[in-house]
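So the structure is just underneath, and the comments pick up after that.
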Amino acid sequence: MSEVRGVGPVRCRQLETAGVKTVLDLLQVVPSRFEDRREIGLVGEIRGPGRYTLRGHLRDLKRIHLRRRGMSLVRGIFSDSTGDLEAIWFNRPYLVQQTRSDTEYLVHGEVRRKDSGWQLVNASVEAIEAAEQGEETASSGRFAGRIVPIYQTTGGIGHAAVSRLIAAAVEASDLENTVDWMPRSLLERHCLPPLGKALAELHRPADDADVGALDRRTTPAHGRLAYGELLELQVELALVRRRRVRAAKRHSYRHDTDALRRVRAILPFELTAAQRRVFDEVVADLTSAFPMTRLLQGDVGSGKTIVAAMALVLAAESGLQSALMAPTELLAEQHYRALKNILGSRYPLALLTGSAADRAESRAALAAGELPIVVGTHALIQEGVVFRRPGLVVIDEQHRFGVGQRSTLQEKGEDLDLLVMTATPIPRSLALTVYGDLDVSVIDELPPGRTPVETLVLPAESRPKVYDQLGEQLAAKGQAYVVCPLIEASKAIAATSIEGLEEEIHRRFAAYRPLVLHGATPADERDRIMSAFAAGDSRFLLATTIIEVGVDVPAATLMVIESAERFGLSQLHQLRGRVGRGSGRGLCIALHGPLGDDARRRLDIFGETVDGFAIAEADLKIRGPGDFLGTRQAGKPLLRIASIVEDRDWLEKARDDARAMVEASGLPDTERLLERVSANPRFTGGGLAGG
Ligand code: ADP
Ligand code: MG
């Protein structure tokens, strides 16, 4: 890095925090937008607001003192042969000293309407002589009359300084002769420029470049960088996958007709075609020589649990032990009850959660190989539970399951079969990014007799009417959930709380024996409450989002979500998934307080569609991928250049190319790419290429 002018130890440290360690990393900081400064306008010809490049003189610059601390304002006049223009700058007090009335300047900035005329705001200022000699001034870029790349603040370094550092890096590197690590054949296949050429096009756009395409990030140069980044990621995932798929497992499953008949014997209903197809895929994985790593996606209520139950029974029939893990104790308890119901006493079963009384006994039975199936929370595996003959691990409702966690699990269980189930808050593009190493099954069909949940989005003022309606519907039949974001009323957060509603609900709905459930409810009490509600002894449950995932009470048809603006879109969809799980039509009413733009968009979409895939896509667009992807290490995003929303086509190409490359090998010219990936792993501890 030290060969770049302006990069000392301090800058180095700052850049490192943004994941920029080498000159090449620095060169891959892509401009966030481009300014077209090729056309020089005239003050007298300004006809509307917008960005303008102008050439002329500056005079009467004065610093205006503002009351607000830490803010400064400079005001002055810019003029050319056609007229005068008021100009202001925020936080650039040095301009007063640095500009001279006898110097000609090139300025570029936003012109906006001011009273009867126009005002130039925060323009960049560049002395003409300096620009013509290609020199820098403290307050300018070096790109007068050109298309200028604008960079974002990086590692706490301001955008103007980033721009200077990158210009210095471009100068210090021989871009034309930069060796590209990407195999030539792939560049040719996708008609992409080599790395050096792509970097040059972005950092020094040609005068005849397409500014629109640059700004939209659709140039071949952007394509090269985005595809390159995604390819690295996908090659790493493909290597993880190969390593796993190569280790033959030591246990095996029966799949003779007798075993499969016994598995089918547990079914309380007929499977949907989608469930049957997915179960066949799972059986094919289980009976193959290599461990299964399959992601099962299916919208809320699509019936994933029964597919898992069948796999657990097949393992038990094969003399193997398996674990079903859920994200919350509540859900683990429910799975335990449901499995007990389905399996009866045919297969011994234990619940192993933090609060389960007979932990020691269950652990001993597992270690002795006497217990075929155990249900618990996700912590189950981490806690050093020992299995005598482990076979299968099923993880339910896992919305985020990093490759790192996958590796841990694999290390613990060596060659365990793994089935991860999720209610699809993951759009396909994300699944490819985070789960690129897994095989994916989808249940894309709901059990018969379901009608989509009717959804109403109403302002909080409608509450009295909504609760009247709830009373009428309950009088006829069904069970109801009311969900609040808070347990206790809060001064700081304007949202409905359980505490605030409890009294009224107990009074109004006494006939339905309301129960209250939240995170602070003690475990044994929780179990009693959920059982009572599931059995219909109580027909009214006032709860927090503790019921968000997985809770399955088919007779519940009514839901009111209080302060719905406080919930994310996927969360709303999950909550709504608690009703309409049986044959009765579900009704979900979202009450909301004052709405910002994002909240309004979320609730609009929520009211319009019940399709989990569509919801997940919309959520991704509103929130961005950060929430789903998490970050690699504190502050370092998984992707710096590519966007999984906009570069989806590249993502799919990268996945296919990476798998083909790693699985078939034999593609020439891949050494540099493989080296790069193992030197800079994003998901794993490295050392993959050899595995
Ligand atoms: P999820 O995919 O959200 O985990 P569940 O597995 O909890 O969904 O299933 C939702 C409800 O649908 C459960 O009450 C389950 O018993 C029922 N169900 C699942 N599959 C079928 C089917 N093929 N026919 C009828 N009901 C089904
Ligand atoms: Mg479920």
Side-chain angles (χ1 to χ4, degrees), residues 263-280 282 294-313 324-344 375-378 394-399 401 419-426 440-453 478-479 481 530-531 533-536 545-557 559 570-586 588 610-613 615-616:
V263 170
R264 288 207 186 86
I266 67 162
L267 290 177
F269 37 65
E270 208 169 307
L271 294 183
T272 62
Q275 285 170 322
R276 247 179 285 136
R277 186 190 66 233
V278 170
F279 181 64
D280 288 346
V282 169
R294 185 166 288 277
L295 175 70
L296 170 50
Q297 294 199 7
D299 207 350
V300 283
S302 61
K304 297 180 288 293
T305 318
I306 194 69
V307 175
M310 291 169 78
L312 297 174
V313 169
L324 171 60
M325 310 202 293
T328 62
E329 292 199 358
L330 189 71
L331 194 50
E333 287 152 13
Q334 174 189 285
H335 276 325
Y336 175 71
R337 278 195 305 273
L339 279 181
K340 263 235 120 66
N341 248 336
I342 297 176
L343 305 181
V375 181
T377 57
H378 289 175
V394 181
I395 302 184
D396 190 24
E397 299 292 355
Q398 183 60 269
H399 305 323
F401 188 49
L419 181 65
V420 182
M421 308 201 289
T422 166
T424 329
I426 311 170
V440 179
S441 290
V442 183
I443 300 186
D444 49 6
E445 177 186 4
L446 293 179
R450 297 276 178 83
T451 35
V453 178
Q479 292 176 238
Y481 297 98
M530 267 330 287
S531 305
F533 187 68
T545 52
I546 187 169
I547 59 148
E548 174 182 341
V549 287
V551 166
D552 181 41
V553 178
T557 48
M559 173 174 283
S570 296
Q571 203 176 13
L572 289 168
H573 182 63
Q574 288 288 326
L575 284 170
R576 173 169 59 186
R578 299 309 117 220
V579 293
R581 296 171 78 82
S583 50
R585 182 172 175 95
C588 176
V610 290
D611 176 349
F613 280 89
I615 296 234

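Order of listing sets the numbers, starting from 1, for every ligand and every atom in it. Because only heavy atoms are used, hydrogens play no part in the values below, and waters and symmetry mates are left out as well, while side chains stay in.
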Below 4.0 angstrom from a heavy atom of Thr272, which ligand 1 atoms are there? Numbered from 1 as shown, please.
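Those of ligand 1 that fall under 4.0 Å from Thr272 are 23 (N).
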Ligand-side contact atoms (ligand 1) for residue partner Ser302, heavy atom cut-off under 4.0 Å:
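Matching atoms, with element in brackets: 2 (O), 8 (O).
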Is there any N or O on Pro448 that sits under 3.5 Å from an N or O of ligand 1?
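In fact, backbone or side chain, Pro448 has no N or O that close.
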Sub-3.5 Å N/O-N/O distance, Gly303 and ligand 1
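Yes: some nitrogen or oxygen of Gly303 is under 3.5 Å from one in ligand 1.
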Any non-hydrogen side-chain atom of Pro268 less than 4.5 Å from a side-chain atom of Ile306?
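A side-chain contact under 4.5 Å exists here.
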Are the side chains of His573 and Asp299 in touch, meaning some heavy atoms are under 4.5 Å apart?
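In contact.
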Heavy-atom donor-acceptor pair, [X] side chain to [Y] backbone, under 3.5 Å:
X      : Y      : value
Gln334 : Asp552 : yes
Arg578 : Val551 : yes
Gln275 : Gly303 : yes
Lys304 : Gly298 : yes

Run down the list [options] and name the one with the heavy atom closest to [atom].
atom                    : options                        : result
atom 17 (C) of ligand 1 : Glu270, Arg450, Gln574, His335 : Arg450
atom 5 (P) of ligand 1  : Thr305, Val307, Leu331         : Thr305
atom 13 (C) of ligand 1 : Val300, Asp552, Asp396, Asn341 : Asp552

Take every heavy atom of Gly298, measure it against each atom of ligand 1, and state whether any distance is under 4.0 Å.
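Under 4.0 Å: no for Gly298.
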For residues Gly301 and Arg450, report the shortest heavy-atom separation together with the two atoms involved.
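Minimum heavy-atom contact is O-NH1, 2.8 Å.
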Tell me the contacting part of Pro554 for ligand 1: side chain, backbone, both, or neither, using a 4.0 Å heavy-atom threshold, strictly below.
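For Pro554, the contact with ligand 1 is made by the side chain alone.
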